[in-house]
Trainee: 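Take a look at this one; I'll ask things after.
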Amino acid sequence: MAASIPNVRDKSSEDSAVRKRRPGQPKSAQESDLKSNKPEEEDKRKHGTKGPAPPLQSGTFWLTRIVLLRFLAFIYFVAFLVAYHQNRALIGEKGLSPCRLYLRSVKRYVGGKINLAALSYTPTLLWFMDWTDMDANLDHIALGGLALSAFVLVSGCANMVLMFLLWLLYHSLVSVGQIWYSFGWESQLLETGFLGIFLCPLWSLQRVPPNTPPSGIVIWAFRWLIFRIMLGAGLIKIRGDQCWRDLTCMDYHYETQPVPNPLAYYMHQSPQWFHRLETLTNHFIELVVPFFVFMGRRMCALQGVLQILFQTLLILSGNLSFLNWLTMVPSVACFDDASLSFLFPSGPKGVVRQVSRIQSEERPVPTKGMLIRRAANVSVGLLLAYLSVPVLLNLLSARQIMNTSYNPLRIVNTYGAFGSITKERTEVVLQGTLSLDPSDPSALWEEYEFKCKPGGLAQRPCLISPYHYRLDWLMWFAAFQTYEQNEWVIHLAGKLLANDPGALALIEHNPFLGRGPPRWLRGEHFKYKFSSLGGGHAAEGRWWVRRRIGPYFPAVNLTGLRGYFEARDWPHPEIQ
């Protein structure tokens, strides 16, 4: 005990000397070291350079932004990949619906000039590109989108310029895509992509730019989007088909959806009580859960979890393009940094530690740039509120419509899916023959197989989501309409009669490969049903059974189609 007393006194003497130092007197080296090391030690104590980063606080969205932008970039990448593979055959120079002809008709409609009216009616970069090689223009737009989206996806970095370019490039395709881009998820991607622009810093490509926190207004805009998507889908079902109200729609959905997958075959065989439970769950997810967004942090996060799980189930049981993947994107905005930190490594230089450091610092004095950004975010919020008025009125209307845009830029839209369910599946089967006389009873008619659309009875349902075969989807719509309502079907028939490479690229199996083109082609109309699990057809390897309804369109040949093509300004196919 006695040995320790002098040390205590020595320390006391040192403290006294420090306290008694006169103003202006130089600091001792020891005191200077203590002062200079204090911030560093404090920083190490809070954040450390080793071990896991400290838990993040709730209420900030730095990590949310990274996840959201990467997810959105993934959707863009898939969408541009689909465009690159299919645009030439669908809307290219020799496509089924050439976009050059469409732009010419728009130009005539607005007075023959490329002016503000033309841009407002069809906002696309193609107005300013060389129309003599439209295929190259479409490819360049798609490749540009692929490159930009791949960068954001891999790096997790984006700024307003990059996100604006992605939005502009995809808008340029959707605006001229005509019926091939008429699906609700095209507008949904454009609206989601528009919000993504304002989630980012203007120039910086840092994943965690310290002076540009994610805007709370934009985060709430994403939440408002998922609220409208789900509630719109729920209300259109309740107001639409009686089977949603009597809980029988799932008895038909798996079999009659546009492009079933293998799991849909087995889900269709489920007992009735299970289908009733599915329908009730659907109503709960779409009509009740969206309101969790407005019930505080925990309930909002629960909403995000439930919506992501629900979309995952839809992905597993059908090929709805990238729709369900895209619907997950605004659900990410329901989670803050504290909820998403488990997705990121917590190393010394990781983003979790960077966010932790930002959270522990005092808020900086707003700079001029920060004030301008806040004003821009408020302006965007007011714009979205104004554009949401007709959308909200549509949600409240007894005559609700779905998948509609109220402005040419498709910034705020109304959504909905499967407001009515088809109770029977019908398919158009294209058949060709080498026979000189199509009415000859001995003529051999051979069938074309599509990439995903049901055709051959032993053809296993495909698993393709999030990729999208646009022709297969449109064939589903055409099957419960007439060929007069879908003139592109006859255009496709003419191209197949000529062995057109672009059209054949959209087809999985050409039965006349290596034998020359068919002389005649016809469309037959069939009713399709899943084979019964464990039944005789299934034992023979058949996924489907079918019954002929009648002709969809009569047998046609190239000579007979010449006038039809000329009347629509389509180039007459030349035999390849």
Side-chain angles (χ1 to χ4, degrees), residues 69-103 106 119 122-155 158 161-194 196-197 319 321-323 325-326 329 409-410 451-452 464-474 488 495 500-507:
L69 288 175
R70 274 187 155 165
F71 208 159
L72 179 56
F74 169 71
I75 306 299
Y76 267 130
F77 185 86
V78 173
F80 282 114
L81 186 65
V82 172
Y84 181 68
H85 285 160
Q86 301 177 37
N87 272 354
R88 283 185 177 232
L90 297 176
I91 60 174
E93 284 289 340
K94 297 181 179 180
L96 296 175
S97 306
C99 65
R100 184 162 56 88
L101 298 181
Y102 173 74
L103 289 173
V106 172
L119 286 171
T122 306
T124 176
L125 290 173
L126 290 172
W127 288 119
F128 310 105
M129 302 175 79
D130 183 5
W131 288 14
T132 59
D133 194 354
M134 198 62 81
D135 286 346
N137 295 339
L138 294 171
D139 284 350
H140 291 156
I141 289 175
L143 288 172
L146 281 171
L148 293 176
S149 57
F151 172 80
V152 177
L153 175 60
V154 173
S155 68
V161 176
L162 283 179
M163 298 308 294
F164 173 75
L165 288 175
L166 281 169
W167 179 79
L168 180 63
L169 291 172
Y170 199 65
H171 215 307
S172 295
L173 297 179
V174 173
S175 296
V176 299
Q178 305 159 80
I179 191 173
W180 308 102
Y181 282 78
S182 61
F183 308 108
W185 55 77
E186 313 295 355
S187 296
Q188 188 174 324
L189 177 53
L190 290 175
E191 180 173 352
T192 309
F194 180 80
I197 297 171
N319 290 299
S321 180
F322 49 78
L323 171 64
W325 302 81
L326 176 60
V329 174
L409 295 181
R410 310 191 192 203
K451 293 184 180 294
C452 251
I464 194 63
S465 177
Y467 196 78
H468 177 35
Y469 290 120
R470 297 186 181 279
L471 176 60
D472 293 52
W473 265 75
L474 264 296
W488 58 266
K495 288 181 173 294
D500 179 76
L504 290 173
L506 301 172
I507 303 293

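Small disclaimer: the values here were computed from a predicted structure and weren't measured. Quick note: numbers below take in every heavy atom, side chains included, and nothing from hydrogens, waters or symmetry partners.
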Trainee: Please check if the side chain of Thr124 supplies one atom and the backbone of Ser172 the other of a donor-acceptor pair under 3.5 Å.
Mentor: yes
Trainee: Might you confirm whether atom CZ of Phe151 has over 12 heavy atoms from other residues, nucleotides or ligands at distances under 6.0 Å?
Mentor: yes
Trainee: Apply side-chain contact (heavy atoms from CB on, under 4.5 Å) to Ile91 and Tyr102, showing your working.
Mentor: CA-CA 9 Å; Ile91 60 174; Tyr102 173 74; over 6 Å; no
Trainee: Kindly determine whether Leu90 and Leu506 satisfy side-chain contact (heavy atoms from CB on, under 4.5 Å), including the steps that lead there.
Mentor: CA-CA 9 Å; Leu90 297 176; Leu506 301 172; 3.7 Å; yes
Trainee: So, Asp472 side chain and Cys452 main chain: donor-acceptor pair closer than 3.5 Å or not?
Mentor: yes
Trainee: Measure the CG-CG distance between Leu143 and Leu138 for me, rounded to the nearest 0.5 Å.
Mentor: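 Here the interatomic distance stands at 11.0 Å.
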Trainee: Students often mix this up, so state it plainly: with edges at 30° and 60°, are the rings of Phe80 and Tyr170 parallel, tilted or perpendicular?
Mentor: perpendicular
Trainee: What is the minimum heavy-atom distance between Cys99 and Leu126, and which atoms define it?
Mentor: SG-CD1, 4.3 Å
Trainee: In Å and rounded to the nearest 0.5 Å, what is the CG to CG distance from Leu169 to Leu146?
Mentor: 10.0 Å
Trainee: Could you walk me through whether Phe183 and Ser321 pass the side-chain contact (heavy atoms from CB on, under 4.5 Å) test, one step at a time?
Mentor: CA-CA 10 Å; Phe183 308 108; Ser321 180; over 6 Å; no
Trainee: Report yes or no: do Ser97 and Trp180 form a side-chain donor-acceptor pair below 3.5 Å?
Mentor: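 There is such a pair (donor and acceptor under 3.5 Å, judged by atom type) between the side chains of Ser97 and Trp180.
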Trainee: If every non-hydrogen atom of Thr122 is compared with every non-hydrogen atom of Ser175, which pair is closest and at what distance?
Mentor: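 Of all heavy-atom pairs spanning Thr122 and Ser175, the closest is CG2-O, 3.4 Å.
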Trainee: Spell out, as yes or no, whether a donor-acceptor pair under 3.5 Å connects the side chain of Glu191 to the backbone of Leu189.
Mentor: no
Trainee: Using a 3.5 Å distance criterion without hydrogens, assess whether the side chain of His171 forms a donor-acceptor pair with backbone atoms of Leu409.
Mentor: yes
Trainee: If you measure from CE on Met163 to CG on Leu72, what distance do you get to the nearest 0.5 Å?
Mentor: 4.5 Å
Trainee: Take a 6.0 Å sphere around NZ of Lys451 and say whether it holds more than 12 heavy atoms from other residues, nucleotides or ligands.
Mentor: yes
Trainee: Taking atom NE2 of His85 as the centre, report whether more than 12 heavy atoms of other residues, nucleotides or ligands fall under 6.0 Å from it.
Mentor: yes
Trainee: Which atoms form the tightest heavy-atom contact between His468 and Trp473, and what is the distance?
Mentor: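 For His468 versus Trp473, the nearest heavy atoms are CE1-CD1, 3.2 Å.
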Trainee: I need the minimum non-hydrogen distance between Tyr76 and Trp167, along with the two atoms involved.
Mentor: OH-CA, 3.4 Å
Trainee: Should the pair Trp131 and Trp127 be assigned to parallel (<30°), tilted (30 to 60°) or perpendicular (>60°) ring geometry?
Mentor: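 Ring orientation, 0 to 90° scale: tilted.
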Trainee: Do any pairs count as a salt bridge (Lys or Arg N to Asp or Glu O under 4.0 Å) and have a residue in residues 128-137, sequence neighbours left out, and if so which ones?
Mentor: Arg88-Asp135
Trainee: For the side chain of Arg70 and the backbone of Val154, is there at least one donor-acceptor N/O pair under 3.5 Å apart?
Mentor: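 Pair found, side chain donor or acceptor close to backbone of Val154.
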Trainee: Looking only at heavy atoms, which two atoms of Ala158 and Leu162 are closest? And how far apart?
Mentor: CA-CD1, 4.3 Å
Trainee: Find the distance between CD (Gln178) and CG (Leu101) and round it off to the nearest 0.5 Å.
Mentor: 8.5 Å
Trainee: Nearest 0.5 Å, what's the CG-CD distance between Leu326 and Glu186?
Mentor: 9.5 Å
Trainee: Quick check: do Ile75 and Thr192 have side-chain heavy atoms less than 4.5 Å from each other?
Mentor: no
Trainee: Mind listing the closest non-hydrogen atom pair of Leu96 and Lys495 along with its distance?
Mentor: CD2-CD, 3.7 Å
Trainee: If I take atom OH from residue Tyr181 and atom CG from residue Leu173, how far apart are they, to the nearest 0.5 angstrom?
Mentor: 5.0 Å
